[in-house]
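Contents: one structure, followed by commentary.
A note on names: the letters A, B, ... follow the listed sequences, proteins ahead of strands, and every chain is numbered from 1.
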Amino acid sequence: MSNPTLTLLGRGTAAGGVAGLVTGLFSLLLAEPVMDRAIELEEARSAKEEAAEHAHAAAGAVAEHHEELFTRGQQHFGLVVTAIIAGIALGALFAVAYALIHRRTGYLVRAWPRALACCAAAFVAVALLPGLRYPAAPPGVGDANTVGERQQLWLAAVVIGILGMLLAWQLYVRLAGRAEPLRQGAVFLTGAATLAVLFLLPGNPDEVPVPATLLWDFRVLSLGSQVLLWAVFAAVFGGLGLRAAAKAGVNSPVSSQDLAATAPVK
Amino acid sequence: MSASAPQSAQTATDLASATTRTRDLLILAAAVIVALIALYAVFMDNGHIISATGSYLHEFSHDGRHLFGAPCH
């Protein structure tokens, strides 16, 4: 099979699966202890509230016990599965965007630098900008009554992040031939303006009743996991692209330079 | 799926005929739909996909949702 679109999709989903697996294992080791602690604190908090309610209310009060569908161990496994599914799906979407953006030049030209640039833009669009506006919350934070509203805000933030990065790309392309500082400055300012626009959205309505150190640890690990996801994805996607380019004999002056500068991917 | 077999002179990039472009767009559209359904299932579902049995998807992907910043209960 030599359909270039299918093989590009294959590279995207393969790189996404690898990136998801690595991210899942990373967060299983480092983020799960923090999430387990957050859940212990949540249980202690709700037990206290329940006890207080019992002290006040009459005997008729029904103690609402939270029935769990999965054990914590199963949810740990679920984290890795979720990361792999998300990685594959994001990899497929990335490959589609990559195909549309590079449809005129072919998918194999300058495979490595393009993979890095596109992955950086994707990370900023779907992880960094939405994450700065609506930072990740550890388990135990999040009101079931506001989840619909928060999902709309989060989706809006992701869409605005993607639109901002598309605008930055278009500005960079349309300023071709101008000085590099001007082009790169335009890209940076577009990113900053997108972040400013995100802060016009309403804030997260939920309280965050967890210790500040736990919140910081969790948010750093959340952002770190997403940095890792996109970094591994960029490396695998770019490496597979280089290998495919070498096989297909794509040798633009720039891509052969890149091939020489990078260790052979075999 | 008949037409003439691609001849040797044509490389993959030269095959930008209307049929291949349509086929490629269909492949890309299908990939987008499948990927979005998968992302909805792990990051957005609140018990709608397997509603009869409770929020199984939500609870199974619970930790991943929190880690990737997706809103959770």
Discussion item. Do B/His66 and A/Val141 make a side-chain contact, defined as non-hydrogen atoms from C-beta onward lying under 4.5 Å apart?
Written reply: no

Worksheet item: So do B/Ile27 and A/Asn3 actually touch side chain to side chain, heavy atoms under 4.5 Å?
Response: yes

Fill in: Side chain, backbone, both or neither of A/Gln75 within contact of chain B (heavy atoms, under 4.5 Å)
both

Worksheet item: Do A/Thr5 and B/Arg23 come within less than 4.5 Å of each other through their side chains, counting heavy atoms only?
Response: no

Worksheet, complete the sentence: Applying a strict 4.5 Å limit to non-hydrogen atoms, the region of A/Leu155 in contact with chain B is side chain

Worksheet entry | A/Thr13 versus chain B, the contacting section by heavy-atom distance below 4.5 Å | neither

Worksheet item: Would you say A/Phe77 has more than 12 foreign heavy atoms packed within less than 6.0 Å of its CZ?
Response: no

Worksheet item: Quick one: of B/Ala31, B/Ala38, B/Ala70, B/Gly64, who has the most non-hydrogen atom pairs under 4.5 Å with chain A?
Response: B/Ala70

Discussion item. Test side-chain contact (heavy atoms from CB on, under 4.5 Å) on B/Leu36 and A/Leu93; report intermediate values, then the result.
Written reply: CA-CA 8 Å; B/Leu36 287 179; A/Leu93 292 177; 4.0 Å; yes

Worksheet entry | Interchain contact, A/Ala92 with chain B, by part (heavy-atom threshold 4.5 Å) | side chain

Discussion item. Let's test your reading of the structure: which of A/Ala38, A/Ala136, A/Ala89 forms the most heavy-atom pairs below 4.5 Å with chain B?
Written reply: A/Ala89

Practice prompt. Indicate yes or no: at least one non-hydrogen side-chain atom of A/Leu69 is less than 4.5 angstrom from one of B/Phe60.
Written response: no

Item to complete: For residues 212-232 of chain A, pull every pair meeting side-chain hydrogen bond (donor to acceptor under 3.5 Å, both in side chains), keeping only residues two or more places apart or in separate chains.
Response: none

Response to the item:
When every non-hydrogen atom of A/Trp154 is compared with those of B/Gly69, the smallest separation belongs to NE1-O, 3.3 Å

Response to the item:
Greatest number of non-hydrogen atom pairs under 4.5 angstrom with chain B, of A/Ala248, A/Ala83, A/Ala137, falls to A/Ala137

Fill in: Heavy-atom side-chain proximity of A/Thr82 to B/Arg65 below 4.5 angstrom
no

Worksheet item: How far apart are the closest heavy atoms of B/Asp63 and A/His76, and which atoms are they?
Response: OD2-CD2, 3.9 Å

Worksheet item: In Å, rounded to the nearest 0.5 Å, how long is the span from CG of B/Leu25 to CG of A/Leu100?
Response: 7.5 Å

Worksheet item: What option among A/Gly12, A/Ala99, A/Pro139, A/Ala95 has the most heavy-atom pairs under 4.5 Å with chain B?
Response: A/Pro139

Discussion item. So for A/Val96, is it side chain, backbone, both, or neither that comes closer than 4.5 Å to the heavy atoms of chain B?
Written reply: both

Discussion item. Once rounded to the nearest 0.5 Å, what's the spacing between atom CZ of A/Phe26 and atom CG of B/Leu67?
Written reply: 8.5 Å

Worksheet entry | B/Phe68 and A/Thr23, any side-chain heavy atoms less than 4.5 Å apart | yes

Response to the item:
Here the gap from B/His62 atom NE2 to A/Gln74 atom CD, rounded to the nearest 0.5 Å, amounts to 14.0 Å

Worksheet item: Tell me, do A/Arg103 and B/Asp24 make a side-chain contact under 4.5 Å, heavy atoms counted?
Response: no

Worksheet entry | Segment of B/Ala29 engaging chain A (4.5 angstrom heavy-atom cut-off) | neither

